[in-house]
Amino acid sequence: MISWIENIARAPYRLWGLILAAVIMTLLLGQIVMERVTLLSSGTEVRLATAPVDPRDIFRGDYVILTYDISRLPVDRLAEDPDQFSGGDTVYVTLSEATTGLWQATAMHHRQPEADAGTVSIKGRIDWMDTAPLPPTAVAGEAPVEERCVGCRNARISYGIESYFVPEGTGRELEDMRDEGSVTVIAAVSENGTAAIKGLILDGGDPVYLEPLL
Amino acid sequence: MILRRQYIKRLKTDLDRWSQRGLVDPAKIPAIVKDAEGTGGGTALTTVLAVLGVVLLGFAAMSFVAANWTEMSKLTKLLVLAFGMWGSVGIAAWRIRTEDEEPGLYTEAAILLAVILFGVSIMLIGQMYHIGGEYSDGLMLWMAGALVTAWLVPSRAALVLAIILTPMWSIAVMMENPALLHWQFVIPISVAGLLAAAMGWRPAAHIIINAWGVRFGTTALWLMEHLDWSTDSVFALAAMVALIVFAKGHIAMRLIAPFEDAMIHWGLLAAMGTAFWLPLASDGVLPDETYYIWVALIVGAMVLATVGMAFLQSRVSMPDAAMLAAATVVLVVYPYAQFVYGDIAGWLFVIAYFGASVWCVSYGTRTHDRFGINLGFAAFGLMALYVYFETVGTLLDTAAFFAVGGLLLIGLSVGLGRIRHRLLARQTKADKEA
């Protein structure tokens, strides 16, 4: 076996090997692109409200950090087995559309649930757990302030749609609008829960930054 | 230069044909070729200008793309990336077809550029489609592409890139999932190591060993942070792992023969380096007995087994084997001794370290290895300085401290320097006679 490995490694250049390696790399890149294009073209469209970001976060060049109302969710209220959730877990958050047109969280699971009509399941990962108070709009049918659970565990969740690249010079303005809560994100969610950003809506107007597929 | 090489190649073919027809004396062919290769100094300037011109064109192309990137459609961007990568592949293919059978500088450069552009494409496609999530996935893909290219072509440049990307990928995964010890690192780095050994390419050994070193470093930090291991435990284990590498370098195995020197030198350096820090960084905390003792015993057994194998092959002498075995026992026991006996254990370890430094010099002398000699002297001198700082230094005021320290340093450098010089001279003489 050692001789076989040495024969491969010490051979002179193989033109077919070079071409094959280039084809493999091209196919890998193509697979990334096709996956995104398929997701954006055939995934269920949901609209998500963005939430203000900690002002200590730094705007990195032409890169905007997005967080959502569904980025921090009360595990005790949404999950049937809240004690089983911890940092690093993969979760599936069930979303349903509110009368405002925005989608909100109704349940949280470790495994992808059966799809119900009018709901979408989005896949995420728990970054950490905390007990700090939540903003009022994260959960559908949120209880009034005086009835909300004090000291309940919340999960900080990432869905893979937290970064948005914009043309140079436009990021600061977009960040300000995001912090004012006037940015809504249009996301496409596939059947397996993977999400991708399709576009942004500013101030409740028509979609801007609507992403072409190619 | 390209035209010149083509001319020389054509000339050789013509000369062979002419000699077969009896038109040229075969005995004169080497002289003719040598004469043809030696001339043409005047073309160097044109070659330089041509290369500069190509470089400027390249910068022009990159500047144009960068200036118009945001205005381009996604399809155009994808085509630009594809052309860039396949253009580099095309240059490499042309070099292979017309010039190189053995690893050539320009061919390797073109292959490396293609793999780099593959990585750049991954990042830019992620940006184009706002693919969030972890950088580690992109790094993993890039590493895989580099490794596959290194294997298929085969290419040394692609292999180096794959080796560099592997610990970067592992660190990215561990930063994104801090509670996770990323064992998957072992797979690609082992494949890269196998490929490098099979290529017989010695420089790769140094890069691979350093990649492993980075990984052991991050593992040590992880043990301290997530399993609450004490500093003593982690450093002691690190020193034992380094001893395994050192001993393994002495075992004769055909596949890792190109790696032997690198393993011996890096293993010895890492062992002496981590052991040096043991008394300095000791926190006097009892090791977690559930895990540490078992891991230490297993790793210690591995050290002894490796040393034993090297001894049976007569690659390690009895005194060296005994020294390594004793060092292993000291390292296993040290964290407990430090907890129980405190400073006394620390000072006894310092004495043992001086002994190890002397052994290092002796080992280097007997095996005609200057690295061992130099390392032994350096380790001895540094530990002497540490002892001075910890003892005499605390008893003196500042001025006296620096004065005595300076005299000690000068004395050490003169004394150790003379001994070292004598040993190296004897070494050089023995090498010449051999």
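Chain letters run A, B, ... following the sequence lines, proteins first and then strands; every chain starts at 1. Model, not experiment: these values are computed from the prediction.
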Next on the checklist: Can you tell me how far apart CE (B:Met128) and CZ (A:Arg36) are? Round to the nearest 0.5 Å.
Outcome noted: 12.5 Å

Checklist outcome for this item: If one checks every heavy atom of B:Trp142 against chain A at 4.5 Å, the contacting part turns out to be neither

Checklist outcome for this item: Heavy-atom closest pair (A:Met25 atom, B:Met85 atom, distance to 0.1 Å) is CB-CE, 4.0 Å

Checklist entry - Who are the ring pair (Phe, Tyr, Trp, His ring centres under 6.0 Å) partners of A:His109, not counting sequence neighbours? => result none

Checklist outcome for this item: When the 4.5 angstrom heavy-atom criterion is applied to A:Ala22 and chain B, the contacting part is both

Next on the checklist: A quick test of your reading: do over 12 heavy atoms of other residues, nucleotides or ligands sit less than 6.0 Å from CD of A:Glu191?
Outcome noted: no

Checklist outcome for this item: Under 4.5 Å to a heavy atom of chain A? For B:Ile125 that would be side chain

Checklist entry - Within a radius of less than 6.0 Å around CE of B:Met309, do more than 12 heavy atoms belonging to other residues, nucleotides or ligands occur? => result no

Checklist outcome for this item: Taken to the nearest 0.5 Å, the spacing of B:Leu81 CG from A:Leu29 CG works out to 8.0 Å

Checklist entry - Heavy-atom count around B:Met123 CE within 6.0 Å, excluding the residue itself: above 12? => result yes

Checklist outcome for this item: Bottom line for A:Leu28: the part with an atom under 4.5 Å from chain B's heavy atoms is side chain

Checklist entry - Is a side-chain donor or acceptor of A:Arg14 paired with a backbone partner of B:Leu152 at a separation under 3.5 angstrom? => result yes

Checklist entry - chain A heavy atoms under 4.5 Å from B:Ile111: which part of the residue, side chain, backbone, both or neither? => result side chain

Item to check | Nearest-0.5 Å distance that lies between atom CZ in A:Arg125 and atom CD in B:Glu176 | outcome: 7.0 Å

Checklist outcome for this item: Correct closest heavy-atom pair for A:Ala21 and B:Thr149 would be CB-OG1, 3.7 Å

Checklist entry - With only heavy atoms counted, which part of B:Ala92 is less than 4.5 Å from chain A, the side chain, the backbone, both or neither? => result both

Checklist entry - For B:Trp94 and A:Leu15, what are the C-alpha separation, side-chain angles and deciding distance, and is it a side chain to side chain contact (heavy atoms under 4.5 Å, CB included)? => result CA-CA 9 Å; B:Trp94 170 67; A:Leu15 187 58; over 6 Å; no

Checklist entry - Taking all non-hydrogen atoms of both residues, which atom of A:Leu18 and which atom of B:Ile96 are closest, and how far apart? => result CD2-CD1, 4.0 Å

Checklist entry - Highest number of heavy-atom pairs under 4.5 Å with chain B: which of A:Ile24, A:Ile32, A:Thr26? => result A:Thr26

Item to check | Point-to-point distance, once rounded to the nearest 0.5 Å, from CD1 of B:Ile131 to CD1 of A:Ile161 | outcome: 13.0 Å

Checklist outcome for this item: Smallest heavy-atom separation, A:Val33 atom then B:Tyr129 atom, equals CG1-OH, 3.7 Å

Checklist outcome for this item: Bottom line for A:Leu20: the part with an atom under 4.5 Å from chain B's heavy atoms is both

